[in-house]
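Encoded as structure tokens, the structure appears first; notes follow it.
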Amino acid sequence: MSQILQDVYRRLFDAYGPQHWWPGESPFEVMVGAVLVQNTSWKNVEKAIDNLRERDLLAPRALFDVPVEELSELIRPAGYYRMKAKRLHNLLRMVVETYDGDLDAMFAVNVHTLREELLGVNGVGPETADSILLYAGNLPVFVIDTYTHRVLARHGWIEYEIDYHGLQEHFESNLEQDVALYNEFHALLVRVGHKHCRKTPKCEGCPLADLLPESGIVMPEW
DNA sequence: GTCCAGACGT
DNA sequence: ACGTCCGGAC
């Protein structure tokens, strides 16, 4: 168990409390949200999800049957709407054709196998795949994003050059394998990243401020 | 005007 | 290693 990660988690949780990421939403809705939120603030995704809910389209078969052009208009508020409509449709095709639209059946398969299968969908990269596995499937996979990388690199806890898998291993090998912990920790890192660990850091009032090395860390431009 | 829970093509 | 995709919140 990593003392640093423990301390970081405690500080963030004490400062922000539970983030309630995707509670009470259906696994399918979470999966859709995971695609729509790519490089987009969640605020802009909610409208898109509402559009789908109003039309009773939050089910695999129903949404897959919507023509891509029509789908793109429904999800327009989420941005990148033409690309995301294709990506979402690609994912839906896999779910419908491989699992007959049954998410319970999908999440029952071996995690590693399912992850590779998700990554095989054009438009589903590592963060989206892992978000689906953790937040829709309740599977013990730690989600990495740019904030995670930035927060850990700036404090000198990892090398800047570490890749997605390396950073994921860092978390999974230094934390208890606990879905609730993974869920909360990633959400808290997004929160502190959004609030403080921006491209240009805003360390005033950050719960992690006094963990910064005195010398400072020299980072490449980002 | 800046920035955002990324991923893909070149 | 870049350019592109995009509306909306701030």
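Chain A is the first sequence line, chain B the second, and so forth, proteins listed ahead of strands; every chain is numbered from 1.
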According to salt bridge (Lys or Arg N to Asp or Glu O under 4.0 Å), who are the partners of [X], at least two apart in sequence or on a separate chain?
| X | result |
| --- | --- |
| A:D56 | none |
| A:E25 | none |
| A:R55 | none |
| A:D50 | A:R53 |

**Prompt:** Can you list the residues that meet the side-chain hydrogen bond (donor to acceptor under 3.5 Å, both in side chains) rule with A:D178, with sequence neighbours excluded?
**Reply:**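 side-chain hydrogen bond (donor to acceptor under 3.5 Å, both in side chains) check on A:D178 returns nothing, list empty.
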**Prompt:** Are the aromatic rings of A:F171 and A:Y182 close, with centres under 6.0 Å apart?
**Reply:**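 Aromatic pair excluded; centres sit 6.0 Å or further apart.
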**Prompt:** Under the side-chain hydrogen bond (donor to acceptor under 3.5 Å, both in side chains) rule, what pairs show up with a residue in residues 12-24 of chain A, not counting sequence neighbours?
**Reply:**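 Sorted result for residues 12-24 of chain A: A:Q19-A:R191.
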**Item:** Secondary structure of DNA chain C in dot-bracket form (Watson-Crick or G-U wobble, distances below 3.5 Å, | marking inter-strand pairs)
**Value:** |||||.||||
**Message:** Just to be sure I understand the rule, does A:T146 reach a base, reach only the sugar-phosphate, or reach nothing, if contact means heavy atoms closer than 4.0 Å?
**Reply:**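 A:T146: backbone/sugar contact only, no base atoms under 4.0 Å.
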Check the distance between [N]'s [atom2] and [X]'s [atom1] and give it to me in whole angstrom.
| X | N | atom1 | atom2 | result |
| --- | --- | --- | --- | --- |
| A:E73 | C:dC6 | CD | C1' | 12 Å |
| A:K202 | C:dC10 | NZ | P | 14 Å |
| A:Y81 | C:dG7 | OH | C1' | 9 Å |
| A:R76 | C:dA9 | CZ | P | 14 Å |
| A:H89 | B:dA7 | NE2 | P | 20 Å |
| A:I75 | C:dC5 | CD1 | C1' | 12 Å |
| A:I132 | B:dA7 | CD1 | C1' | 13 Å |
| A:Q38 | B:dA7 | CD | P | 5 Å |

**Asked** Is the ring of A:Y80 stacked on the base of C:dC5, with centres less than 5.5 Å apart and planes under 30° off?
**Response**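 Aromatic stack with C:dC5 absent for A:Y80.
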Within the structure provided, determine whether [X] and [Y] are in side-chain contact (heavy-atom separation under 4.5 Å).
| X | Y | answer |
| --- | --- | --- |
| A:E127 | A:Q38 | no |
| A:V192 | A:V8 | no |
| A:Y9 | A:L181 | yes |
| A:V95 | A:F28 | no |
| A:N51 | A:P77 | yes |

**Message:** Just N and O in the side chain of A:T128: are any of them under 4.0 Å from OP1 or OP2 of B:dA7?
**Reply:**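 Answer is yes, contact under 4.0 Å.
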**Item:** Distance test, side-chain N/O of A:K84 to OP1/OP2 of B:dG6, below 4.0 Å
**Value:**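 Indeed not, no polar side-chain atom of A:K84 lies that close.
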**Nucleic acid contacts - residues 42-53 of chain A versus DNA chain B, non-hydrogen atoms under 4.0 Å** =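 Nucleic-acid contacts, sorted: A:W42.
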**Message:** Within residues 177-195 of chain A, which residues have any heavy atom lying less than 4.0 Å from an atom of DNA chain B?
**Reply:**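 Residues of residues 177-195 of chain A under 4.0 Å from DNA chain B: A:V190, A:H194.
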**Message:** Suppose you measure atom C1' in B:dA7 against the same atom in C:dA9; what distance do you get, rounded to whole Å?
**Reply:**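 Taking atom C1' in both B:dA7 and C:dA9, they lie 23 Å apart.
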**Request:** For C:dC6 versus B:dT10, give the span between their P atoms, rounded off to a whole number of Å.
**Result:**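 About 16 Å, rounded to a whole number of Å.
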**Prompt:** Do the ring planes of A:Y160 and A:H149 sit parallel (below 30°), tilted (30 to 60°) or perpendicular (above 60°)?
**Reply:**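 The arrangement is tilted - the two ring planes meet at 30° to 60°.
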**Message:** Who clusters with A:M83? Use side-chain heavy atoms, under 4.5 angstrom, across I, L, V, M, F, W and Y, and order the result by chain and number.
**Reply:**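 A:Y80, listed by chain and number.
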**Asked** How would you list all residue pairs meeting ring-ring contact (aromatic ring centres under 6.0 Å, His included) that involve residues 97-129 of chain A, not counting sequence neighbours?
**Response**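 Qualifying pairs: none.
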**Message:** Nearest to the A:R82 side chain among C:dC6, B:dC4, B:dA7, which nucleotide is it?
**Reply:**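 Nearest listed nucleotide: C:dC6.
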Just the atom pairs and distances: protein N or O near nucleotides 8-10 of chain B's N or O, under 3.5 Å.
{"residue": "B:dC8", "atom": "OP1", "partner": "A:G123", "partner atom": "N", "Å": "2.9"}
{"residue": "B:dG9", "atom": "OP1", "partner": "A:N122", "partner atom": "ND2", "Å": "2.8"}

